[in-house]
There are 2 protein chains.
Amino acid sequence: MSPEARDVLAGNAAGAANQQRANHRLRLAVIDRDPGFMQVLSNRLDALGWDLRGLSSAVTVDALVAMRLNALVIDLAVLGPGSWEYLERVCGRLPGLAVIVCTGPSSVAQRVRGLRLGADAWMTKPCHAEELICVIEAAIRRHRRNEMPQIEESTSVGQITIRPDLYQAYAGGASLELTAREFEILHLLSQSDRVLRREEIYERVWGYAMAHGDRSVDVFVRKLRQKLRAASPEWNYIHTHFGVGYRFAPERDGGEATPDATEDARSGARESEFAPALVG
Amino acid sequence: MSPEARDVLAGNAAGAANQQRANHRLRLAVIDRDPGFMQVLSNRLDALGWDLRGLSSAVTVDALVAMRLNALVIDLAVLGPGSWEYLERVCGRLPGLAVIVCTGPSSVAQRVRGLRLGADAWMTKPCHAEELICVIEAAIRRHRRNEMPQIEESTSVGQITIRPDLYQAYAGGASLELTAREFEILHLLSQSDRVLRREEIYERVWGYAMAHGDRSVDVFVRKLRQKLRAASPEWNYIHTHFGVGYRFAPERDGGEATPDATEDARSGARESEFAPALVG
DNA sequence: TTGCGTGTGAAGATCCTGTGACCGGGCCGC
DNA sequence: GCGGCCCGGTCACAGGATCTTCACACGCAA
């Protein structure tokens, strides 16, 4: 299974309803100059699939905004005298950003000051990478929980428009009348260009492993094709790969597939993959 | 509105904005048996005007819910063997509660475990009361940050007017006579164009996680529909998305038999160029 | 051609939601 | 203090909508 698939699976429980959110990689920046520390952290975060950016000195707040971070780890020692002001500015300007101070020995007063200025947590170095990651996760978790639900971008492929916010797909203004499960499968398929095996589809939509010989996915694909054909007769959306699975790709019917044309048709709002987490 | 109605709102998204503005005291519970620790903390929190409740042993999750806490501090040592399960249960059931573990010396693995189970922070005793308070504040701050910007303006949708300042909705000058909960749900729904899952609604109105199989949301939606229909019979406001949840969108009743023709007839609505689906 | 994987239609089984009735607790007036 | 009312919350039932399963037809590869 792809790492991406694993991400989506994490924490699904009640089905794919809330899976979209966990979809994209977490973006983290660390302002620190300790190569060993960075190395350890980097290894660990790589394994987790995070997107780590190491910074050896303070960057402007605007630059931080541009990075669309989920979290920021700061070693105040690196910043020198202006560190408190910097911390305050960052926290004030990016209230949605999880800020963790991770620095050498400090006094209670310093830690209190840092937290009061808006830091979410204070770790004292040396510290275990795993623990730091947990603290970061906790901060992000807390931030996310209270965020307004992400606005899911609608995407257009071929002649249809998929609207996750309405749990529905449309063609020419008319609803396809998909059921919840049908929509989830269509949505899943439409987010990937590659062939998805049945087991994969099942796991990601149903939330648990597919029983051997289960034909549910086939049946739903049939229903989907039916509704897609009814709403958009000129196009083929779901392709069967014999012995493998299904692949989503809008293609005009009739003549053989014209890759050029289809590529263009897919240009919709695809870039929503990297929907930002913060950025107020 | 009854004074009790206000209380009910504590710790939920829509109502919380009110709360903070009204400068409500923060409610904190501490599960700990160290009298000295409690004394120091108590003194400090008194000065800050917090509402502190000391507990010498674990209480049921339901009891915690009833306390309407903003934060909970736990000394795992007090709980004994079942402490991890307890922590997990509390964090799972009360996702909006700030949970801080404050206990004696521990291993990295223990801290990691606690944080992974949902704790927001881990403090090691002995610790300075001031620092603990800052950590609690940081956790609560994160919890609330996004609730503040709520604008309590009255909005009109379809034939009804929602007035958050009066905790009531009106149609043609007449009150709908909504109860506090009913209003909460209507207000929440009306602020979003997308489909809201029951769990989401529950969590944001009740302030804690919905128990599996709880039908409260459905029941309140029924009551709401009843009152909405009585006050504005020509319109449909709350739409059911089977297997997903509810969506708010004012729509005229009646002549929507022909989806094609109705496309233009959607006058009063404020959004969605798309036809509605799955109207309950 | 055989063997297996896939498309298709339909019939239950299952799940989901609407609904009315009911219950307990808090609040108010008496 | 007492009784009634209002409100939030639970329960069980009924009707639909949806899902799963099954049998069979069809197509692909060897």
Side-chain angles (χ1 to χ4, degrees), chain A residues 14-17 167-168 175-186 195-199 201-202 205-208 210-230 236-247, chain B residues 1-10 12 15 62 65-66 68 167-168 175-186 195-199 201-202 205-208 210-230 236-247 277-280:
Chain A
Y167 263 82
Q168 194 54 252
S175 163
L176 293 204
E177 308 277 353
L178 302 180
T179 69
R181 201 139 272 184
E182 287 164 5
F183 174 79
E184 280 170 7
I185 291 177
L186 177 63
V195 180
L196 295 175
R197 285 175 301 108
R198 284 175 179 68
E199 294 78 10
I201 296 170
Y202 194 96
V205 170
W206 273 256
Y208 49 92
M210 186 178 96
H212 182 66
D214 193 314
R215 302 287 307 283
S216 297
V217 173
D218 301 61
V219 175
F220 275 98
V221 166
R222 172 172 65 85
K223 290 179 182 168
L224 268 176
R225 280 173 168 159
Q226 209 166 290
K227 294 184 179 180
L228 285 166
R229 203 183 315 131
N236 259 337
Y237 293 93
I238 302 175
H239 307 275
T240 303
H241 284 239
F242 201 94
V244 188
Y246 297 102
R247 180 176 57 91
Chain B
M1 172 177 54
S2 71
E4 172 250 54
R6 263 176 221 291
D7 267 343
V8 167
L9 301 174
N12 66 53
D62 286 327
V65 168
R68 309 212 156 91
Y167 248 81
Q168 193 52 253
S175 163
L176 293 203
E177 308 278 359
L178 302 181
T179 69
R181 275 268 195 274
E182 288 164 4
F183 176 80
E184 277 294 310
I185 292 177
L186 177 62
V195 180
L196 295 175
R197 284 174 298 109
R198 284 175 179 68
E199 294 79 7
I201 296 169
Y202 194 94
V205 170
W206 273 258
Y208 51 96
M210 187 177 97
H212 182 65
D214 193 313
R215 303 286 309 281
S216 299
V217 173
D218 301 60
V219 174
F220 277 97
V221 165
R222 173 171 64 86
K223 291 176 180 171
L224 265 176
R225 279 174 168 158
Q226 212 165 291
K227 294 185 179 179
L228 285 166
R229 204 183 314 133
N236 257 337
Y237 293 93
I238 302 177
H239 308 274
T240 303
H241 284 238
F242 202 98
V244 186
Y246 296 103
R247 179 175 58 93
L278 299 165
V279 174

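Everything quoted here is computed from the prediction, not taken from an experiment. Convention: sequence-line order gives letters A, B, ...; per-chain numbering from 1.
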Rounded to the nearest 0.5 Å, what separates atom CZ in B:R247 from atom CD1 in B:I238? 11.5 Å
In terms of the nearest nucleotide of DNA chain C, which residue is placed more toward the 5' end: A:R229 or B:V244? A:R229
In whole angstroms, the gap separating P of C:dC4 from CG of A:D218 amounts to 17 Å
Whole-Å gap separating P (C:dG5) and CE (A:M210): 12 Å
Please report the distance, rounded to the nearest Å, between CZ in B:R68 and P in D:dG8. 12 Å
Can you check the A:Q226 CD to D:dT18 P distance for me, whole Å? 14 Å
If the condition is side chain to side chain donor-acceptor pair (under 3.5 Å), which residues does A:R225 pass it with, not counting sequence neighbours? A:T240
Measure CZ/B:R197 against P/C:dT17 and give the value in whole Å, please. 13 Å
Roughly how far apart are B:F220 CZ and B:I201 CD1, rounded to 0.5 Å? 12.5 Å
For A:G245 and A:R198, work out which heavy atoms get closest and say how close. CA-NH1, 3.8 Å
note: B:R198, atom CZ; D:dT10, atom P; distance rounded to Å ~ 15 Å
From CZ of A:F183 over to C1' of D:dA17, roughly how many Å is that when rounded to an integer? 19 Å
Reading 5' to 3' through nucleotides 19-29 of chain D, protein heavy-atom contacts under 4.0 Å coded B for base, S for sugar-phosphate only, - for none: BBB-----BS-
Below 4.0 angstrom from OP1 or OP2 of C:dG7, is there any side-chain N or O of A:Y246? yes
Rounded to the nearest 0.5 angstrom, the CD-CH2 distance for B:E184 and B:W206 is 9.0 Å
A:H239 NE2 to C:dG7 C1', straight-line distance once rounded to whole Å: 16 Å
By side-chain contact (heavy atoms from CB on, under 4.5 Å), B:V65 pairs with (sequence neighbours left out) B:V61, B:L94, B:Y208
Apply side-chain contact (heavy atoms from CB on, under 4.5 Å) to A:E199 and list each qualifying residue two or more places apart in sequence or on a separate chain. A:R197, A:M210
When the C1' atoms of the five terminal pairs at each end define the local axes, what inter-axis angle does the helix from C:dT1-D:dA30 to C:dC30-D:dG1 show, to 10 degrees? 30°
Of the options B:R222, B:K223, B:K227, which is the one that meets B:E182 in a salt bridge (Lys or Arg N to Asp or Glu O under 4.0 Å)? B:K227
Partner set under ring-ring contact (aromatic ring centres under 6.0 Å, His included) for A:F183, not counting sequence neighbours: A:Y167, A:H187
